[in-house]
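Working notes, structure below.
Naming: A, B, ... by sequence-line order, numbering from 1 per chain.
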2 protein chains.
Amino acid sequence: MAAGVSTATVSRAFNNPEKVAPEVRARVLATASALGWMPHAAAGALARGRTNIAGAIIPTLDNEIFAAQIGGMQSAFATRAVTLLLGCSNYDRDEAFRHAQAMLGKGVEALAIAGEAHRPELFETIAARGVPYVVTYSYRADSPHPCVGFDNREAFHRMTRYLLDLGHREIGLIVQPVAGNDRIEARVAGVREALAERGLGLRAGHVREGEWSIGFGRESLRAIMSGPAPRPASRPTAVICGNDWLAIGALLEARAMGLAVPTDLSITGFDDVAMAAQMEPGLTTMRVDNARIGSLAADYLLERLGGGTPSPVPPQVPDLIERGSTAPPR
Amino acid sequence: MAAGVSTATVSRAFNNPEKVAPEVRARVLATASALGWMPHAAAGALARGRTNIAGAIIPTLDNEIFAAQIGGMQSAFATRAVTLLLGCSNYDRDEAFRHAQAMLGKGVEALAIAGEAHRPELFETIAARGVPYVVTYSYRADSPHPCVGFDNREAFHRMTRYLLDLGHREIGLIVQPVAGNDRIEARVAGVREALAERGLGLRAGHVREGEWSIGFGRESLRAIMSGPAPRPASRPTAVICGNDWLAIGALLEARAMGLAVPTDLSITGFDDVAMAAQMEPGLTTMRVDNARIGSLAADYLLERLGGGTPSPVPPQVPDLIERGSTAPPR
DNA sequence: TTGTAAGCGTTATCAC
DNA sequence: GTGATAACGCTTACAA
């Protein structure tokens, strides 16, 4: 090499600084930076059998909860010089599977996958390669996978019970598309379960499922509150929304319809986006630290990469944030 | 190999399907999938001298504009089997530089970098390696770098002129931190320039700079509108905000202060987040297709990777969306 | 059409 | 403490 040493020494200078004479080391590093030289990672990966690459598969970055999760994961991995490969499935199982395959091919040493509603081959392929992985954002005690997240069913069960305890009996529900989304499925199940425990249920006309947007929240609230009601008593006195944007839409539409919140109608959201606290009245919602879920997932995987057997990550517990949008029914 | 063929044939079966007998090809693919075998990307990269990896460096995923950009970029790259390495600098030049170095080491073949306010070494290192790159989200006609984005100065110049044409003469400004952020710097410059063209300027007490949050928007508006005013006439009749969240905060605070928008005060934002249209009154703002910026950047880079000389991407032009938050001053 | 064999740029194992 | 040298798992002339 230009520094007058063998390639072996260069390699050591970079990877095992203590195994090389300080003076030589300095010279190597100096010429390297003078030449703008950099170890070729692919060659290193091949020789070492390690790539220092991890992968994350999420539905989409459009959703701030996943963006936050990836941000947290990325920082945590960066502290150990692990780079993050990102794949967005757009809520498509096949696309998620393709991303997983591509990542495995690129030699990812660990994989974080949002949710567990995936093609079985996905987990099989990962297992076949012995690559450590976690399912993020969701948590089920009896899941076959290691999870880092919270129990969606339990969270919505809690929110529903909160409304029931306030005295509500007729409850509406506006959620994101359930198909292929185990988190939403669990949320709906949580609501139904809590209702069933009090001998109640969800009326078909009081449930709406569609894209999570303010617009769909508005439209859904109007449909629910002005549907063919045999008697006004069957109109819900509370509406649970799958996330804050749906809830904000519902809140705005309630105002537009002349319904007083929370007097005529209670509304709840999920995520505690910045806007939730700013609404009039403030939105009752639940908060999860998504960046933390990302960094916990990364830490877990890093530990496994280091050969350790990390203890399972305990489920995160969302905070129920009570604001002005909920109250006992009139 | 297990399929009874040489490694060369396996390689061809995967990379040059037409160069191998269909029957053999089928057998190879079949045994490969049966064994769960997959070409080792690092080895391939080493032998071929190509990694099929691109990198993107952005400040943070917390900001939906960057998240959207990365989403668009990722999809566009995915269509050509290029995977995206992501790095977040948290608005720190050193961190951005470190990410760039790490990515170059990983063998990225193209780089997209948000903004041009970076350490000069960053661009030098990239140039030294001959890696194609683009600066995203910002555009300046006389920039030394290839840009994919819009002219931030021009956009805010336009917005300011719009307010001036409505008849405003005293204008306030609430923006994100300028330090190390060329996009924001350009926006402020655009405002000052438009004012200067009419012989006007920004009063010190009417300018606020801080984190882009609803909270800072509120706090800033209150400070601006209740500052030590020698005479009420010097209070601004319009406030330009660096993004929609600041503007939404300003709008909410104006309402809280009993100021009528737009009668007493006009307010403008930037980005057209979903909430902007839902405010009362709707927020006048500007919209940019961020996902498109991402995919345009990826397409440009892909073209360069293919050996082509893509024509420079024309600057995107934000739409000025006029809503109820602006009107002539009283 | 298929096989042989020489790299690709590191790391790791030996000697020295 | 340092230098040869054999892997690592592929791609790609070149031969057959």
Whole angstrom value for the distance that separates P of dC8(D) from CZ of R48(B): 21 Å
Please check: side-chain N/O of S75(A) versus main-chain N/O of G71(A), any donor-acceptor pairing under 3.5 Å? yes
For the pair made of NE2 in H40(A) and P in dC8(C), what is the distance, rounded to whole Å? 11 Å
Report the C-alpha separation of H145(B) and Y133(B) in whole Å, then their side-chain angles, then the decisive distance to 0.1 Å, and conclude whether the ring pair (Phe, Tyr, Trp, His ring centres under 6.0 Å) test is met. CA-CA 8 Å; H145(B) 312 293; Y133(B) 72 98; 5.6 Å; yes
Between the base of dG3(D) and the side chain of R12(A), is there a donor-acceptor distance below 3.5 Å? yes
Nucleotide dT2(D), atom P - distance to CG of N16(A) in whole Å: 13 Å
Residue closer to the 5' end of DNA chain D, R27(A) versus P39(B) (nearest nucleotide): R27(A)
Of all the nucleotides listed (dT4(C), dT11(C), dT11(D)), which has the minimum atom distance to the side chain of A8(B)? dT4(C)
Between C1' of dA12(C) and CZ of R50(A), the distance in whole Å: 15 Å
Give the ring-plane orientation class for Y137(A) versus F150(A), where under 30° counts as parallel, over 60° as perpendicular and anything between as tilted. perpendicular
Tell me which residues in residues 17-26 of chain B lie within less than 4.0 Å of DNA chain D, going by non-hydrogen atoms. none
Pair R187(B), N152(B): side-chain N/O donor-acceptor within cut-off below 3.5 Å: yes
Between S11(B) and dC10(D), is there a side-chain N or O to OP1/OP2 distance below 4.0 Å? no
Atom-pair distance (CG on L46(A); C1' on dC8(C)), nearest Å: 9 Å
Under a 3.5 Å cutoff, is there a donor and acceptor pairing between the side chains of T125(B) and Q101(B)? no
A43(B) side chain, from C-beta outward: closest of dT10(C), dG3(D), dG9(D): dG9(D)
Would you call R140(A) and E116(A) a salt bridge, using N to O less than 4.0 angstrom? yes
Winner on side-chain proximity to T9(A), out of dG3(C), dG3(D), dT11(C), is dG3(D)
Could you state the CZ-P distance from F14(B) to dG9(D), rounded to the nearest angstrom? 16 Å
Any side-chain donor near an acceptor of the partner, N52(B) and R50(B), under 3.5 Å: yes
